Amino acid sequence: MKRPLIEVRDLRFRYGGGEAALNGVSFRLDEGESVALFGPNGSGKTTFVLHLNGLLQGEGSVEVCGLPVERRNLSAIRRKIGLVFQDSESQLFMPTVLEDVAFGPINRGLSRPEALDRAMAALRTVGMDAAAGRAPYHLSAGEQKKAAIAGILATGPEILVLDEPTTFLDPPGQRALAELLAALPQAKIVVTHNIPFALALCPRAVFFQEGVIVAEGPTAEVVARFRWNFDSAPAKSLR
Amino acid sequence: MHHIVLERWSRGASALHARDPRAKIVPLLVFLTALATARRALPEFSAVLFLLLCAALLGARIPLLAALARAALVLPFAAVFAAVCWLSGDPARGVAVALKSYLSALAVLTLVATTPLPALLRGLEAMRVPLFLLTVAQFLYRYLFVISEEAQHMSKAAAARGAPVRPMASSGARFRAAAGALAVLFARSYGRARDVHRAMLARGFTGRLPTLYDLRFRPADAAFAALASLAPLAARLAVERIG
C-alpha cells in the first residue's frame, strides 16, 4: 500500500466569523499521485490548499508526510510542499527573477552559489533562464507564471500544489506546462477549471461544493458526472 | 506596470552605481552631519553641497531635474517648521530648516537612486544596523510597490469605465471621489500584501530576507569613500574661512 503524503480529516474553517468556507473536508494524496480539484468559484478549493502548508489553520486534522500541520512543524512542512499561487504577481516579490527563484533555496539554508545554481536549473526547466536578470514586473503574465513555478521547483518539494496554473497561459503554453508537470516526479494537487489540462495531468479528481468534497474518482468520470465541460449542458443539481 | 522610478534609477550602470554600498553610506553620514551642524555661511555652504550632489547625480546619469523635483517632496513638511520659526521672529532659522531639509533629502535620494535597495540593506546589515529595522524597511519598500500597482490597476479600471480625464469641477465631488478611491486602494492593498506575505511564508520566509549581493569593498571603494567624505568637510572649512 502506498504511503499517504497528505491526509486530511474532517477539516472545517470559516473566515473571520463568516460563513463556513470548509465544512468537513477529508482527503488523501498518495505518493506519485496527481489529483485535480474541481468545483464552482467560492467552493473552498483555494482555502483548502492554503491549509496544506499551514497558511490557514482550521479545525480537524491535516498531516503532511506524517507530520501534523501545526506551528512546530511548519518549517519542515513548507520544505515538503511547493505552493504555486493563483496570482503570480503576488508570488514574485524580489527585485529580479533570479533573486526571486533563489529566495526559497536560500531560506532553506543553501549557500549563495548553491542557491544560484538551483535557481538557474529551475529557470532552465521552465524555459525562463534568459529572463534571470529581468525584473518580475517586466514579465508577461505567462512568463510570471513560469517564474513562479520555477521559484517552487527550486525549493525541491516532495509535493506540488498548483492553484489555477494555466491562468494567463495561451494554449501552447498550457500544453507545455502540462508536459513539464507530467515529467516531474512529485505528487501534485492541481486546482483548475481547465478540463483538458486536468485530463492530461491528473488521473484522479475531487469535486468541491459549498466547502465539502461531494465526489471523487477518475477525472473523466467526475467531469462527466458534473457536466463540468464548457460544451456540456449544466447539471440540474450538482449533488 | 509603471513602477517606482527610483527602482529603475538604482539599477543603472555608472561608476557611482558600481561602488560598494558602504562606500556611499559613510560619506552620506558625513554629509548629513556636516550639514546638520553648520551654522556660519550656511547659504554658501548649501550652494556648494548642492553643486556636489548635482555633479554626483549627473555623473550617475540620473535625470537631474526629476531628481531635484523628487527631493522637493520634503519641502511641504519642512515648510511647516520653517513657518513656525519665521512667525516666532527667527526667519534665518526658517531658511536654514528648509535648506537643510532639502539638501538632506537630495543626498539620501542620491544614495537610493544609485544603490538597489537589496544592496543598500546588505550594506547597512554589514554595518551592524539592527536586522529588525532592515526587515521593516524592506517590507515597507515591497508594499510601496503593492500600493503603487493597485493604484495603477484602479486608475486604469476607472479610465476604462469613462472616469473624467480632467479634474471634476466641484472640489467637493473630487474630494469624495478621492477619499472613496483611497479607502478601496488600502483595502485592496491589504489583500495583496497578505497574499505576498503568504507567498513568502510558503517559501520558507522566517523573518530575514535573503539577498544575493556579496559585498566586496575594493580599493576604489575606499578611495571613493575617503574623497566623498572629505568633500563636504573641505567645503565647510573653506566657506567658513572665507565667510
Side-chain angles (χ1 to χ4, degrees), chain A residues 46 49-50 52-56 74-96 98-113 115-116 119 132-139 141 144 148 151-157 161 163, chain B residues 1-13 112 115-122 135 137-153 187-216:
Chain A
T46 297
V49 296
L50 291 176
L52 300 180
N53 64 357
L55 291 171
L56 293 176
L74 286 185
S75 176
I77 285 168
R78 286 174 185 166
R79 285 169 198 260
K80 294 177 186 298
I81 290 194
L83 178 54
V84 179
F85 287 76
Q86 184 171 4
D87 176 9
S88 308
E89 232 179 353
S90 298
Q91 186 163 342
L92 303 168
F93 44 80
M94 295 297 275
T96 65
L98 183 62
E99 285 172 86
D100 199 278
V101 176
F103 178 88
I106 290 180
N107 276 329
R108 275 146 181 71
L110 268 66
S111 69
R112 285 195 186 122
L116 284 176
R134 291 171 64 191
Y137 46 80
H138 285 156
L139 303 178
Q144 285 183 347
I152 296 308
L153 292 181
T155 62
V161 180
D163 194 356
Chain B
M1 278 281 115
H2 170 74
H3 272 265
I4 294 173
V5 176
L6 274 176
E7 166 71 14
R8 201 173 67 236
W9 289 350
S10 73
R11 302 267 162 189
V112 175
T115 318
L117 195 92
L120 184 59
L121 294 176
R122 181 93 179 89
T135 305
Q138 185 136 358
F139 267 111
L140 182 66
Y141 176 75
R142 169 59 196 161
Y143 290 142
L144 278 179
F145 277 80
V146 168
I147 293 174
S148 154
E149 284 163 10
E150 289 300 333
Q152 287 169 63
H153 282 308
R188 288 174 54 140
S189 300
Y190 176 79
R192 275 289 304 281
R194 182 200 56 207
D195 291 345
V196 170
H197 188 234
R198 278 180 180 166
M200 295 171 83
L201 291 176
R203 282 199 283 161
F205 176 68
T206 53
R208 185 178 187 279
L209 282 161
T211 170
L212 293 176
Y213 284 91
D214 272 326
L215 298 182
R216 290 179 66 188

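By convention in this document, chain letters (A, B, ...) are assigned in the order of the sequence lines, proteins followed by strands, and residues within each chain are numbered from 1. Note that this is a predicted model, so its numbers are computed, not measured.
- Heavy atoms closer than 4.5 Å to chain B are found in the side chain of L56(A), but not in its backbone.
- Using a 4.5 Å cut-off between heavy atoms, R108(A) contacts chain B through its side chain alone, with no backbone atom that close.
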Show the numbers, then the answer: is there a side-chain contact (heavy atoms from CB on, under 4.5 Å) between D100(A) and R203(B)?
-> CA-CA 10 Å; D100(A) 199 278; R203(B) 282 199 283 161; 2.7 Å; yes
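- In this structure, OG1 in T96(A) is found 6.5 Å from CZ in R11(B), a value given to the nearest 0.5 Å.
- Heavy atoms of L50(A) lying under 4.5 Å from chain B belong exclusively to its side chain.
- A202(B) approaches F85(A) most closely through the heavy-atom pair CB-CE1, 3.9 Å.
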Verdict with reasoning, M200(B) to N107(A), per side-chain contact (heavy atoms from CB on, under 4.5 Å) = CA-CA 10 Å; M200(B) 295 171 83; N107(A) 276 329; over 6 Å; no
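- With sequence neighbours excluded, the residues satisfying side chain to side chain contact (heavy atoms under 4.5 Å, CB included) with R194(B) are R198(B).
- The distance from atom CG of L55(A) to atom NE2 of H197(B), rounded to the nearest 0.5 Å, is 9.5 Å.
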